[in-house]
Undergrad: 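Structure in structure tokens, see below.
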There are 2 protein chains.
Amino acid sequence: MSSLRARQKEDRRNRIVTSAKTLFRQQGFEKTTIEGIAEAAGVSGVTVHNYYGTKAGVLLALVIESDKLLIEKLESTLPKEPASLTDLMLQFARDIMDHAIANLDKVIWRQVIAAVTTGGVTQLTRAYFKLDQQLAFVLVRRIERLQQAGKLSPDIDASHLGKALFHLQNARFIQFISADELSRDEIEQRLRNDLAALFAVGSV
Amino acid sequence: MSSLRARQKEDRRNRIVTSAKTLFRQQGFEKTTIEGIAEAAGVSGVTVHNYYGTKAGVLLALVIESDKLLIEKLESTLPKEPASLTDLMLQFARDIMDHAIANLDKVIWRQVIAAVTTGGVTQLTRAYFKLDQQLAFVLVRRIERLQQAGKLSPDIDASHLGKALFHLQNARFIQFISADELSRDEIEQRLRNDLAALFAVGSV
DNA sequence: ACAAAATTTTTTATTGAATAAAAAAATTTA
DNA sequence: TAAATTTTTTTATTCAATAAAAAATTTTGT
């Protein structure tokens with residue numbers, strides 16, 4: 001039973017985000033103006049500000065939508081019974097990079113990272129961090145599966161391990177988008193090295 | 001044999017960075033204007049732009065200077081013979097957080113991270129990343145010491161391990177500055193959990 | 001030491017993000 | 001349907017960023 005106002009608002013949100021996505025992809029982040037987005041969405045520039053605060057806020061909103069899809073995709077495509085922890089991680093990292101690149105280019109992803117770190121504590125950044133947690137949790141659950149399958153010691157705290165590995169993956173992801181020339185293969189190799197070294201520490 | 005021009009330029013650079021540091025600390029990043037920095041430094045606003053490109057560029061210049069000191073400090077204060085890899089890491093992370101907080105507050109550090117990720121490939125970002133590498137290398141050398149002391153398997157690639165751990169530390173550092181309420185102790189605990197979980201993977 | 005050449009800074013102007021307050025328009029409610 | 005409420009738009013301002021022309025200063029060649 002949504003009111004007319006609520007529906008109109010929802011509608012404007014959609015128009016703004018959709019227009020922004022098109023413009024960001026066509027002309028990049030910098031060259032896209034708030035006025036441009038507003039015009040394409042049929043609202044005033046100030047309304048865009050009222051809705052999303054900043055240009056980066058609009059971008060964040062759009063990324064949040066696509067990240068929800070990413071999580072669904074990961075839930076379904078990540079192997080339920082991974083062969084090993086390393087395999088799981090590499091697959092996880094690759095899926096995330098693939099998804100990122102399919103949606104926006106590296107230059108724009110840098111703006112996303114910047115927006116998230118500077119953005120204070122807003123509705124949008126909270127939503128983003130929540131999705132990040134969910135993403136990490138996908139990993140945690142798969143790690144528990146590995147433990148159940150006897151492929152990983154059951155004594156390890158799956159939550160701690162999942163979060164640590166997620167942070168590491170995230171660091172490599174940021175490195176990936178920060179340098180134009182870095183390929184997914186190159187990052188995969190680095191991650192492989194990371195894991196090999198880290199996992200070798202405990203072996204007596 | 002520096003020319004008058006070169007000396008004047010160096011002088012202006014110093015005045016700009018020094019003025020900026022004072023103003024950033026007094027009023028924060030947002031409330032400090034380029035014009036304000038320029039006035040305090042006795043140059044025009046456009047000159048500040050000419051020298052550092054953006055307001056964040058000025059901040060980055062100032063951080064780079066203080067990071068050089070951090071590296072020196074770490075070289076001298078990190079134990080030459082650490083008791084364990086975990087101890088080494090926790091000390092490393094704590095020194096970095098201490099140094100960061102002693103110089104600028106969290107809000108401003110967020111701007112640093114944002115500036116580095118969006119900053120394209122400029123003189124300043126290159127310098128910053130180079131220092132980051134040096135920082136990682138400090139860790140690598142200490143890890144080699146651990147291996148020489150028989151406290152860590154000599155089969156492990158110290159460079160890979162050091163870089164992986166540096167990335168992890170960096171991720172936790174960014175988390176630290178991203179949330180006002182997160183204390184160094186809290187981050188230390190998380191890092192401890194990270195390391196415990198990661199190092200347990202290899203143990204058979 | 002001085003005038004011409006080269007470099008650097010400043011002035012001036014423009015675009016666009018962000019924000020605030022008042023005015024206008026639309027929806028909701030009674 | 002008219003009053004009350006909410007939302008958007010208009011209007012105005014500050015500041016970052018950038019560009020081009022003008023002014024000032026240093027360097028160079030004689």
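Naming: A, B, ... by sequence-line order, numbering from 1 per chain.
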Undergrad: When you check the side-chain N and O atoms of A:Q175 and A:R172, is any donor under 3.5 Å from an acceptor?
TA: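 Side-chain D/A pair, A:Q175 to A:R172: present.
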
Undergrad: Using whole Å, what does the distance between atom P of nucleotide C:dA17 and atom CD1 of A:I37 come to?
TA: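 To the nearest whole Å, that distance equals 8 Å.
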
Undergrad: Would you mind reading off the distance between A:Q8 atom CD and D:dT9 atom C1', rounded to a whole angstrom?
TA: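 About 15 Å, once rounded to whole Å.
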
Undergrad: Would you find more than 12 non-hydrogen atoms of other residues, nucleotides or ligands less than 6.0 Å from A:Q27 atom CD?
TA: yes

Undergrad: Quick check on D:dT10: is either OP1 or OP2 less than 4.0 Å from any side-chain nitrogen or oxygen of A:S44?
TA: no

Undergrad: Could you work out which one of C:dT28, D:dA16, C:dA17 sits closest to the side chain of A:S3?
TA: C:dT28

Undergrad: In whole Å, what is the span from the NE2 atom of B:H49 to the P atom of C:dT14?
TA: 18 Å

Undergrad: Is it true that A:R15 and A:D11 make a salt bridge, defined as a side-chain N closer than 4.0 Å to a carboxylate O?
TA: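 Looking at A:R15 and A:D11, the cut-off is met.
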
Undergrad: Can you tell me the distance, in whole Å, between the CZ atom of A:R12 and the P atom of C:dA26?
TA: 11 Å

Undergrad: Would you say B:K163's side chain and B:A136's backbone share a donor-acceptor pair under 3.5 angstrom?
TA: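 Checked: no pair found.
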
Undergrad: Is the shortest heavy-atom distance from the side chain of A:V107 to the side chain of A:F29 under 4.5 Å?
TA: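 Side-chain contact under 4.5 Å: no.
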
Undergrad: Mind calculating the distance between CG (A:L23) and P (C:dA17) to the nearest angstrom?
TA: 12 Å

Undergrad: Among D:dA16, C:dA18, D:dT8, which nucleotide sits nearest the side chain of B:I34?
TA: D:dA16

Undergrad: Using distance alone, with no hydrogens and no angle criterion, decide if A:T122 and A:T125 have a side-chain donor and acceptor under 3.5 Å apart.
TA: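 Yes, side-chain donor-acceptor contact under 3.5 Å.
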
Undergrad: I need the residues from residues 51-63 of chain B with at least one non-hydrogen atom less than 4.0 Å from DNA chain C; give them sorted by number, or say none.
TA: B:Y51

Undergrad: Would you kindly give the CD-to-C1' distance between B:Q111 and D:dA16, to the nearest whole Å?
TA: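 Taking atom C1' of D:dA16 as the reference, CD of B:Q111 is at 13 Å.
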
Undergrad: Side chains of B:R5 and B:Q8 only: does a donor on one sit below 3.5 Å from an acceptor on the other?
TA: no

Undergrad: Roughly how many Å is it from CD in B:E39 to C1' in C:dT9, rounded to a whole number?
TA: 17 Å

Undergrad: Starting at NZ of B:K31 and ending at P of D:dT14, how long is that distance when rounded to a whole Å?
TA: 16 Å

Undergrad: Quick test: give all pairs of protein nitrogen or oxygen and nucleotides 2-6 of chain D nitrogen or oxygen below 3.5 Å, distance rounded to 0.1 Å.
TA:
{"residue": "D:dT6", "atom": "O4'", "partner": "A:R5", "partner atom": "NH1", "Å": "3.4"}
{"residue": "D:dT6", "atom": "O2", "partner": "A:R5", "partner atom": "NH2", "Å": "3.0"}

Undergrad: Classify the side-chain pair A:Q189/A:D185 by whether it contains a donor and acceptor separated by less than 3.5 Å.
TA: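 Not at all, the side chains of A:Q189 and A:D185 share no donor-acceptor pair under 3.5 Å.
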
Undergrad: Report yes if a side-chain nitrogen or oxygen of B:T47 is closer than 4.0 Å to either non-bridging phosphate oxygen (OP1 or OP2) of C:dT9; otherwise report no.
TA: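 No.
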
Undergrad: Please determine whether the number of non-hydrogen atoms from other residues, nucleotides or ligands lying under 6.0 Å from atom NZ of A:K80 exceeds 12.
TA: yes

